[in-house]
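All remarks here apply to the structure that follows.
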Amino acid sequence: LRRLRLAAGISSQEELAARLGYERTVVAKAESGHRPPSPDVAEAYAREFPKFNALVENGLIERWAAHVRKNGGSFPKYFVPWADAEKDATSLFYWAPILVPGVLQTEAYARTTLACVSDENKSLDTRLAGRMERQQILTRPNPPLVSVVMSEAVLHRCVGGAAVMREQLIHLAEIGERLPKVTVQVIPAEVAAHAGLEGAGSIAEREGSPTIVYMESLTAAQTTGEPDIVAKVREVTGMLRSEAFPRGASRDLILKVAEQL
């Protein structure tokens, strides 16, 4: 990949990233071997470098990706199936009763939350890079519809201190303006009891593939396509949406809490 770039007279990773429409880290991770190009990134590479098609056609990129998935990459092994489902999803739903979902976290907020849980196999920087790279699904060509419902308590949990939390809240308020396919809604504090009290959960709807749900708990996380579980999670998400403020009112509440910081 590096030789292709240099042979084309592109001296910097920043320049190539701008041409491809991605962040510099996408190019850097690919050239270092830490992260194989996703299908979307590989397609962008192929448009820029016709010789790249040979790497795709001989299966090298696919084998590279399989190797990374097998070894967990930037994620714990239990999380890899969900990370793969996110990449393929046409729509995503996140219920967040405790923390801002990873795909909407700022880097400072993400670093703080990841630092609370140690992993002897992966450094904090590696795990942080993986979390931030997940967010590429939001800006890829033909991105998924993303719906987030969170408890108001998430807004008041001052993760990382006032400055970090204020940056995170402003990011939440603005992302729906910048990315029309992303909707953020908040269940107000006065709704004390609701269907989502048992824990966080997410749904990935995929065209031509089974729907996948991801559920978190203190001791384990589960990714499953079991129809009965999927149906139950869908039922709960509908109930949560009915309790949440609309998009505009949610944004107003988020900004109000940010101003208080």
Validation row: [X], [Y] side chains within 4.5 angstrom (heavy atoms):
X	Y	value
Pro188	Val191	yes
Phe75	Glu133	no
Pro101	Met150	yes
Ile212	Asp88	no
Ser147	Arg241	yes
Val164	Gln168	no
Thr224	Met215	yes
Leu172	Val100	yes

Would you check if the side chain of [X] reaches a backbone N or O of [Y] as a donor-acceptor pair within less than 3.5 Å?
X	Y	value
Arg157	Ile98	yes
Arg24	Ser12	no
Glu243	Ala193	no
Arg5	Leu16	no
Gln105	Met132	no

Note to self: Leu155 vs Leu253, test: side-chain contact (heavy atoms from CB on, under 4.5 Å). Steps then yes/no.
What the structure shows: CA-CA 9 Å; Leu155 311 182; Leu253 176 57; 4.1 Å; yes

Closest non-hydrogen atom pair, [X] against [Y]:
X	Y	answer
Glu167	Ala108	OE1-CB, 3.9 Å
Ile187	His194	CG2-CD2, 4.1 Å
Val117	Arg127	O-NH1, 2.8 Å
Pro37	Leu1	CG-CD1, 4.4 Å
Thr112	Cys116	O-SG, 3.4 Å
Ser91	Pro144	N-CB, 4.0 Å

Are [Y] and [X] connected into the same hydrophobic cluster when the rule is that any two of I, L, V, M, F, W, Y join if their side-chain heavy atoms are below 4.5 Å apart?
X	Y	result
Tyr45	Leu6	no
Met239	Val186	no
Ile170	Val257	no
Val159	Tyr94	yes
Leu261	Leu255	no

Next item on the list: Go through the steps to decide whether Thr90 and Leu145 satisfy the test side-chain contact (heavy atoms from CB on, under 4.5 Å), and finish with yes or no.
Entry: CA-CA 6 Å; Thr90 55; Leu145 288 170; over 6 Å; no

Note to self: Is there a side-chain contact (heavy atoms from CB on, under 4.5 Å) between Leu104 and Leu138? Walk through the geometry before answering.
What the structure shows: CA-CA 9 Å; Leu104 296 186; Leu138 303 178; 3.9 Å; yes

Could you measure the distance from the [atom1] atom of [X] to the [atom2] atom of [Y]? Nearest 0.5 Å is fine.
X	Y	atom1	atom2	result
Gln260	Arg166	CD	CZ	11.5 Å
His171	Thr106	NE2	OG1	7.0 Å
Leu114	Tyr109	CG	OH	11.0 Å
His156	Ser151	NE2	OG	8.5 Å
Glu216	Trp95	CD	CH2	12.5 Å
Phe93	Leu240	CZ	CG	5.5 Å

Item checked: Steps toward side-chain contact (heavy atoms from CB on, under 4.5 Å) verdict (Tyr78, Thr223) -> CA-CA 8 Å; Tyr78 70 81; Thr223 301; over 6 Å; no

Next item on the list: Please indicate whether Glu23 has more than 12 foreign heavy atoms, meaning atoms of other residues, nucleotides or ligands, lying under 6.0 Å from its CD.
Entry: no

Item checked: Test: Glu226 and Lys232 ion pair at under 4.0 Å -> no

Report all side-chain donor-acceptor pairs from residues 173-185 shorter than 3.5 Å, counting only partners two or more places apart or in another chain.
from   : atom 1 : to     : atom 2 : distance (Å)
Lys181 : NZ     : Pro143 : O      : 3.1
Thr183 : OG1    : Arg247 : NH1    : 3.4
Gln185 : NE2    : Phe245 : O      : 3.0

Checklist line | Mutual orientation of the aromatic rings belonging to Tyr214 and Trp82 [parallel < 30°, tilted 30-60°, perpendicular > 60°] | finding: parallel

